[in-house]
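Numbers here are sequence positions counted from 1.
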Amino acid sequence: MGWTGDINVFAPTAAFNMEVARFLGIKWLRGLRDGQRPDGAFTDVAPYVPIVGWGVAGWGDAGVTVPWTVWTRYGDRRVIEENYEAMARWIDYLEANSTGYLRPPEGYGDWLNVNDETPKDVIATAYFAHSARLLSEMASTIGREDDARRYRELFENVRAAFNRAYVDAGGRPAAG
């Protein structure tokens with residue numbers, strides 16, 4: 001199965017080692033969009049197999065990070081245009097399913113940790129900020145300046161909430 005969490009972190013390496021623009025930028029992302037839920041959540045695998053979930057931090061964020069990787073590595077803006085509405089729906093999903101710009105502690109978390117798990121809400125909120133920032137860049141690239149400002153402002157709001165909740169006065173991660 002095409003696990004979205006795996007390609008989220010591996011796409012930059014894959015693009016460095018091989019020409020993956022057609023596979024990731026066309027075939028795989030089409031499968032991901034086809035499985036996107038009506039509420040905007042991306043599924044945990046693409047194409048979707050109904051034995052897994054959806055809306056998981058790091059996994060669903062592949063719907064933004066993979067188009068961004070394909071665009072930055074190969075320079076083809078079509079990947080942004082073809083996936084823009086799906087990416088916007090994902091960000092809407094994250095915003096609708098957060099409280100004060102903080103995401104709830106759900107999903108897989110840091111599932112490859114070695115006896116030192118990062119709190120799931122920290123990971124989910126950090127990915128929310130990251131995806132909003134990437135979508136802001138992509139919106140600007142295709143001339144959607146109003147959207148770019150909106151997603152940049154959303155990024156700033158999530159970052160501020162993250163810092164209030166998870167960073168101490170000295171700039172260090174607060175105890176979790």
Side-chain angles (χ1 to χ4, degrees), residues 3-12 29 32-33 35-44 46 53-72 77 79-81 83-113 116-176:
W3 286 94
T4 53
D6 294 337
I7 199 62
N8 174 31
V9 296
F10 189 71
L29 282 167
L32 185 65
R33 287 190 315 270
Q36 190 174 27
R37 298 176 53 83
D39 63 1
F42 284 116
T43 57
D44 296 348
W54 54 84
V56 175
W59 276 249
D61 293 287
V64 174
T65 63
V66 171
W68 185 86
T69 297
V70 171
W71 163 59
T72 58
R77 296 175 359 166
V79 71
I80 299 171
E81 293 160 352
N83 292 282
Y84 190 82
E85 295 306 320
M87 292 187 289
R89 289 178 53 226
W90 170 247
I91 297 298
D92 290 346
Y93 170 83
L94 295 177
E95 193 170 11
N97 290 280
S98 65
T99 303
Y101 302 108
L102 298 174
R103 296 277 295 132
E106 58 190 19
Y108 305 116
D110 185 8
W111 69 284
L112 295 176
N113 70 71
D116 191 20
E117 186 167 343
T118 303
K120 292 175 182 172
D121 55 332
V122 171
I123 293 170
T125 303
Y127 262 111
F128 182 13
H130 181 60
S131 288
R133 185 181 63 79
L134 295 183
L135 188 53
S136 174
E137 282 183 42
M138 289 186 281
S140 182
T141 296
I142 62 170
R144 292 184 177 222
E145 294 305 327
D146 290 342
D147 287 355
R149 280 188 290 280
R150 175 186 178 270
Y151 295 124
R152 180 67 185 186
E153 182 178 308
L154 179 59
F155 161 72
E156 294 293 347
N157 289 335
V158 176
R159 178 169 70 171
F162 182 96
N163 287 337
R164 283 190 302 274
Y166 307 121
V167 179
D168 70 18
R172 297 176 190 229

Notebook entry, point to check: Distance from W71 atom CH2 to I142 atom CD1, nearest 0.5 Å?
Noted result: 10.0 Å
Notebook entry, point to check: Of the non-hydrogen atoms in A132 and Y151, which two are nearest, and what is the gap between them?
Noted result: O-CB, 3.6 Å
Notebook entry, point to check: Do R150 and D92 meet the salt-bridge criterion of a basic N to acidic O distance under 4.0 Å?
Noted result: yes
Notebook entry, point to check: How about F128 and L102: do any of their side-chain heavy atoms sit closer than 4.5 Å?
Noted result: no
Next item on the list: Would you check if P104 and N97 make a side-chain contact, meaning some heavy-atom pair closer than 4.5 Å?
Entry: no
Next item on the list: Return yes if some donor-acceptor pair links the side-chain N/O of N163 with the main-chain N/O of V167 below 3.5 Å, else return no.
Entry: no
Next item on the list: Drop me the distance from I123's CD1 to D110's CG, to the nearest 0.5 angstrom.
Entry: 5.0 Å
Notebook entry, point to check: Any side-chain heavy atom of L94 sitting closer than 4.5 Å to one from R103?
Noted result: yes
Note to self: Can a side-chain donor-acceptor contact be found between T4 and D44 if the only test is distance below 3.5 angstrom?
What the structure shows: no
Check: So how far is it from R159 CZ to T125 OG1, rounded to the nearest 0.5 Å?
Finding: 14.5 Å
Notebook entry, point to check: Is there side-chain contact between Y166 and D121, with at least one heavy-atom pair below 4.5 Å?
Noted result: yes
Checklist line | Which atom of T141 lies closest to which atom of R77, heavy atoms considered | finding: O-NH1, 3.0 Å
Notebook entry, point to check: Do you know which two heavy atoms are closest between K120 and G109, and how far apart they sit?
Noted result: CG-CA, 3.7 Å
Checklist line | Note, N8 side chain near V66 side chain (heavy atom, < 4.5 Å) | finding: no
Next item on the list: Return yes if some donor-acceptor pair links the side-chain N/O of D168 with the main-chain N/O of G171 below 3.5 Å, else return no.
Entry: yes
Next item on the list: Would you mind telling me which of Y84, W68, F155 makes a side chain to side chain contact (heavy atoms under 4.5 Å, CB included) with L135?
Entry: Y84
Margin query: If you apply the rule side chain to side chain donor-acceptor pair (under 3.5 Å), what do you find for T43 with Q36, and how did you get there?
Written below: CA-CA 6 Å; T43 57; Q36 190 174 27; over 6 Å; no
Next item on the list: Please check if the distance between the ring centroids of W59 and F42 is under 6.0 Å.
Entry: no
Margin query: Set out, in order, the CA-CA distance, both residues' side-chain angles and the distance that settles side-chain contact (heavy atoms from CB on, under 4.5 Å) for V158 and R133, then state yes or no.
Written below: CA-CA 10 Å; V158 176; R133 185 181 63 79; over 6 Å; no
Checklist line | Side-chain touch P67/V79, heavy atoms, less than 4.5 angstrom | finding: yes
Checklist line | CH2 on W90 to CG on N83, rounded to 0.5 Å | finding: 14.5 Å
Item checked: Whether T72 side chain and T69 backbone form a donor-acceptor pair below 3.5 Å -> yes
Next item on the list: Return the minimal non-hydrogen interatomic distance between G63 and L32, and the atom names on each side.
Entry: CA-CD2, 3.5 Å
Notebook entry, point to check: If you round to the nearest 0.5 Å, how far is CZ of R37 from CZ of R89?
Noted result: 11.0 Å
Check: Taking all non-hydrogen atoms of both residues, which atom of A62 and which atom of I7 are closest, and how far apart?
Finding: CB-CG2, 4.2 Å
Check: More than 12 heavy atoms of other residues, nucleotides or ligands under 6.0 Å from CD of E153: is that the case?
Finding: no
Note to self: Using a strict threshold of under 4.0 Å (side-chain N to carboxylate O), is an ion pair present between E156 and R152?
What the structure shows: yes
Check: What are the two closest non-hydrogen atoms of E95 and S98, and how far apart are they?
Finding: O-OG, 3.0 Å
Item checked: Spatial distance of atom OG1 (T65) from atom CE (M87) [nearest 0.5 Å] -> 10.5 Å
